[in-house]
Amino acid sequence: METTKQLKLWRCVAMIALCALIAVSILYAFGVVWKAPAAQEAKTVPLSLWNDGYGAKQSLMDYVTAVTTEGSKDYIPEKDRIAVFDMDGTLTCETYYTYYDTMMFIEYCLVDHPERVSDELKQVAAAIQPGYLADETLARNFAKAYAGMTVEEFSAYVEEFGKKQTQSFENMRYIDNFYLPMVELVEYLYNNGFEIWVISGTERTTTRAIVANSPIQDFVSPEHVIGTDFEVKQKGHENEPSNMDFKYENGDELVLTGGFIQKNLNANKSIYIEREIGQRPVLAFGNSGSDTSMMNYTIDSRNPYLAEAYMVVADDNFREWGKQDWDTKSADYIAKGYIPISMKSDFAVIYPDGIVKAKEQYVPFALDEALAPAA
């Protein structure tokens, strides 16, 4: 008798639960029931770190909608959705004292390992000042500084350097200098089927190490990084003219010789893209004249797809050290067929909370001890 009562009770509970489930399902379908936390819903809002009403955000969203909507006249298959980004000044801060590879060279020569470099290289490092030219001559000196390091040792040093604090900002390590709106843009494009490439004037192994330890690490694979190339050879064969004269064996090391191959700026950017990607990108992002070849190669009239090029203008001198004039720069870029991005107006934020400009942009090193041998 007792068992029969229990059975009836459980049947009743089950019927109530079933009715409740049906009721909730009906309410959910009509949008009455709460579906997700507000924070989770916010994540679905595209480019939330960009300000509305200034042009760049809407332009980007309109473009992505046009090329990813099947049936659209501008639809681009996923295999051809290639977006290329310059790194320094486009994804990251490159104003002195925050330019990653330059400051790494200075600290390597004058602070971390002055015993490993020549007096000449110490003098080169000490002579670098705001407004310096990041040209091929300087890149050749960068290559000499790291001669003898294995690729793994060099990559580890790049990563370790990134943990150092930059004096230009409070609470910023060098690896923290990624612009958050650009990081969000990379993720937005990636989630819409774009293949992301970083095309940098910074040396390739350095760029790979930076990207691999950055907020865009999940969206850019190592093979999608193109940068300036230093010479790398097999240890013990550094002075042999041809790599065809020997073979790699188990346990061999690849080392930087101090030699220099090519600076990835200006026309070299378009040449490297052709060689390593093999087709024109449909989106390009840069910030300076050295990126214009990449921009022009992307929006060339022979590109079979709708293509756009964007230029970041460093016009924010409140949250950043940018001193570019928006009116002049934007007019120049528009005349060239590019879409300008204002850091001051388009970026709702630039860096994570807690990172603010220091009182001074640059505090010189105390160089007497480092330069004592040269003196």
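Computed from heavy atoms alone, side chains included, the values below leave out hydrogens, waters and symmetry copies.
- Checked by atom type and distance alone, the side chain of Y100 never pairs as donor or acceptor with a backbone atom of Y174 at under 3.5 Å.
- Listed for the N213 side chain is a donor-acceptor partner under 3.5 Å among the backbone atoms of A209.
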Evaluation steps, salt bridge (Lys or Arg N to Asp or Glu O under 4.0 Å), between D346 and K57
CA-CA 7 Å; D346 285 306; K57 175 180 179 178; over 6 Å; no
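- No side-chain heavy atom of N51 sits less than 4.5 Å from a side-chain heavy atom of S345.
- Clustering ILVMFWY residues whenever any of their side-chain heavy atoms sit less than 4.5 angstrom apart, transitively, puts V220 in the very cluster that holds V64.
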query: Passes side chain to side chain contact (heavy atoms under 4.5 Å, CB included), L256 versus V151? Steps please.
result: CA-CA 7 Å; L256 283 77; V151 173; 4.3 Å; yes
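- I341 and W326 get closest at one heavy-atom pair: C-CZ3, 3.8 Å.
- Looking at heavy atoms from C-beta onward, M311 lies in side-chain contact with T292 at the 4.5 angstrom threshold.
- Heavy atoms from other residues, nucleotides or ligands lying under 6.0 Å from NZ of K323 number more than 12.
- A distance-only check finds no donor-acceptor pair linking the side chain of R81 to the backbone of L189 [under 3.5 Å].
- Checking side-chain atoms of K233 against main-chain N and O of T257 turns up no donor-acceptor pair under 3.5 Å.
- Within 6.0 Å of NZ in K263 there are more than 12 heavy atoms belonging to other residues, nucleotides or ligands.
- With rounding to the nearest 0.5 Å, the separation of SG in C109 from NZ in K122 is 8.5 Å.
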**Request:** For F85 and M182, run side chain to side chain contact (heavy atoms under 4.5 Å, CB included): C-alpha distance rounded to whole Å, both residues' side-chain angles, the deciding distance at 0.1 Å, then the answer.
**Result:** CA-CA 10 Å; F85 287 79; M182 296 303 290; 3.9 Å; yes
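- The two residues T90 and Y179 make their nearest non-hydrogen contact at O-CD1, 3.4 Å.
- Side chain of N266 to backbone of N268: no donor-acceptor contact under 3.5 angstrom is found.
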May I have the step-by-step check of side chain to side chain contact (heavy atoms under 4.5 Å, CB included) for Y146 and E203, ending in yes or no?
CA-CA 12 Å; Y146 309 116; E203 187 272 336; over 6 Å; no
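- Ring-plane geometry between Y108 and Y157 is classed as perpendicular, the angle between the planes exceeding 60 degrees on a 0 to 90 degree scale with a lower cut at 30.
- Residue N296 holds its CG atom at 12.5 Å from NZ of K269, rounded to the nearest 0.5 Å.
- In this structure, the side chain of E184 engages the main chain of L49 through a donor-acceptor pair within 3.5 Å.
- Cluster annotation: W197 is not connected to Y310 through the hydrophobic network of ILVMFWY side chains, with a link wherever side-chain heavy atoms come within less than 4.5 Å.
- A donor atom on one side chain and an acceptor atom on the other are found under 3.5 Å apart for T202 and D88.
- In this structure the side chain of F105 reaches within 4.5 angstrom of the side chain of V124, judged on heavy atoms.
- Of the possible donor and acceptor atoms, none in the side chain of E70 sits under 3.5 Å from a partner among the backbone N and O of Y75.
- Between L47 and M61 there is a side-chain heavy-atom pair separated by less than 4.5 Å.
- Between E320 and C93 the shortest side-chain heavy-atom distance falls below 4.5 Å.
- The two atoms that bring R319 and M343 nearest to each other are NH2-O, 2.9 Å, heavy atoms only.
- The two residues Y63 and A307 have their closest heavy-atom pair at OH-CA, 4.1 Å.
- Expressed to the nearest 0.5 Å, how far OG1 of T166 lies from CE of M103 amounts to 7.0 Å.
- Rounding to the nearest 0.5 Å gives a distance of 7.0 Å between CD1 of I210 and OG of S200.
- The environment of N239 atom CG is sparse: at most 12 non-hydrogen atoms of other residues, nucleotides or ligands sit within 6.0 angstrom.
- Follow the hydrophobic side-chain contacts under 4.5 Å out from F142 and you reach L110 in the same cluster.
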- Task: Check step by step if side chain to side chain donor-acceptor pair (under 3.5 Å) holds for S221 and E223.
- Result: CA-CA 6 Å; S221 58; E223 67 269 23; 3.3 Å; yes
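- Under the 6.0 Å distance and 45° angle rule, R280 counts as a cation-pi partner of Y297.
- Minimum interatomic distance between S290 and L265 (heavy atoms only, all atoms of both residues): OG-CD2, 3.7 Å.
- Ring pair F169/W321 is perpendicular by interplanar angle, where above 60° counts as perpendicular and below 30° as parallel.
- Side-chain contact between S59 and E308 is present, with heavy atoms from C-beta onward closer than 4.5 Å.
- Residue D325 qualifies as enclosed at atom CG: its count of foreign heavy atoms under 6.0 Å is above 12.
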Please determine whether salt bridge (Lys or Arg N to Asp or Glu O under 4.0 Å) holds for the pair D332 and K336, giving the CA-CA distance in whole Å, both sets of side-chain angles, and the decisive distance to 0.1 Å. CA-CA 7 Å; D332 179 50; K336 289 181 169 66; 2.7 Å; yes
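- Proximity of a side-chain donor or acceptor of S72 to a complementary backbone N or O of A66 within less than 3.5 Å is detected.
- Interatomic distance, L91 CG to S214 OG, rounded to the nearest 0.5 Å: 8.0 Å.
- The distance from the OG1 atom of T207 to the CG atom of D101 is 7.5 Å, given to the nearest 0.5 Å.
- In this structure, the side chains of E160 and D112 stay at 4.5 Å or more apart for every pair of heavy atoms.
- Separation of the F194 and Y188 ring centroids does not fall under the 6.0 Å cut-off.
- Sparse packing is recorded around OH of Y54, with 12 or fewer heavy atoms of other residues, nucleotides or ligands lying under 6.0 Å away.
- Side-chain N or O atoms of D291 include one that pairs as donor or acceptor with a backbone N or O of N287 at under 3.5 Å.
- Using a 4.5 Å heavy-atom cutoff, the side chains of V84 and I226 are not in contact.
- Checked by atom type and distance alone, the side chain of D315 never pairs as donor or acceptor with a backbone atom of S342 at under 3.5 Å.
- Nearest heavy atom pair, residue T68 against residue N192, reads CG2-O, 3.7 Å.
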* Asked: When you look at F285 and L60, which way does the side chain to side chain contact (heavy atoms under 4.5 Å, CB included) test go after all the steps?
  -> CA-CA 11 Å; F285 298 87; L60 287 162; 3.8 Å; yes
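- Placement of F219 and I277 in two distinct hydrophobic clusters is found when ILVMFWY residues are connected by side-chain heavy-atom separations under 4.5 Å, directly or transitively.
- W50 and F347 have their aromatic ring centers within a separation under 6.0 angstrom.
- Residues V282 and Y338 do not share a hydrophobic cluster, defined by chaining ILVMFWY side chains whose heavy atoms lie under 4.5 Å apart.
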